[in-house]
Amino acid sequence: ADPQPVVNEPLPRGATHEVPCVLLQALPGLPEDVEYRIVGRHLALWDIHANIVIDFLPDAFATVGTTDAP
């Protein structure tokens, strides 16, 4: 099952990835203690000091091998 981030909870252990630099350049800047993280198909905002998810965008990334085209 696709890991689901939960606001005000830690990131799912082992289910996160750093966001590639090319994508970071297209996203708005964040405060120093907040990072973007990829959790399964979701884009999460992670407070690195509190180790909690601040917010997330569900289904921000497509699953490999699928298409949204009709």
Side-chain angles (χ1 to χ4, degrees):
D2 193 23
Q4 179 82 21
V6 178
V7 174
N8 293 327
E9 294 290 329
L11 287 168
R13 185 175 296 280
T16 67
H17 303 281
E18 290 185 15
V19 176
C21 292
V22 103
L23 183 55
L24 283 176
Q25 292 173 351
L27 293 169
L30 295 173
E32 188 175 307
D33 56 347
V34 177
E35 293 182 0
Y36 291 107
R37 288 295 172 133
I38 298 171
V39 180
R41 295 175 33 173
H42 317 294
L43 181 63
L45 290 175
W46 177 52
D47 182 318
I48 63 174
H49 297 297
N51 189 28
I52 61 169
V53 174
I54 298 170
D55 202 358
F56 71 97
L57 179 63
D59 300 321
F61 304 100
T63 302
V64 175
T66 64
T67 179
D68 291 333

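Only heavy atoms go into these numbers, but all of them, side chains included; no hydrogens, no water, no symmetry mates.
Hydrophobic clustering (side-chain heavy atoms under 4.5 Å, transitive across Ile, Leu, Val, Met, Phe, Trp, Tyr) groups L45 together with L24. The cluster map of Ile, Leu, Val, Met, Phe, Trp and Tyr, joined by side-chain heavy atoms under 4.5 Å apart, puts F61 and V39 in different clusters.
Shortest non-hydrogen contact noted between Q4 and P12 is O-CG, 3.9 Å. Residues I48 and E32 approach most closely at CD1-O, 4.1 Å, considering heavy atoms. Closest approach of L30 and E35 over heavy atoms only: CD1-C, 3.8 Å. Here the closest non-hydrogen pair linking I54 and V7 is O-CG1, 3.5 Å.
Residues L43 and L27 meet the side-chain proximity criterion, which asks for heavy atoms closer than 4.5 Å. Annotation: side chain of P20 is in contact with side chain of I38 (closest heavy-atom distance under 4.5 Å). Side-chain contact check for W46 versus V34: every heavy-atom pair is 4.5 Å or farther apart.
Annotation: salt bridge (charged side-chain N to carboxylate O under 4.0 Å, His left out) contacts of D59 (sequence neighbours excluded): R41.
Distance CZ/R37 to OG1/T16: 5.0 Å, rounded to 0.5 Å. Distance check, rounded to the nearest 0.5 Å: CD of E18 to OH of Y36 gives 14.5 Å. In this structure, D47 CG and D55 CG are separated by 12.5 Å, a value rounded to the nearest 0.5 Å.
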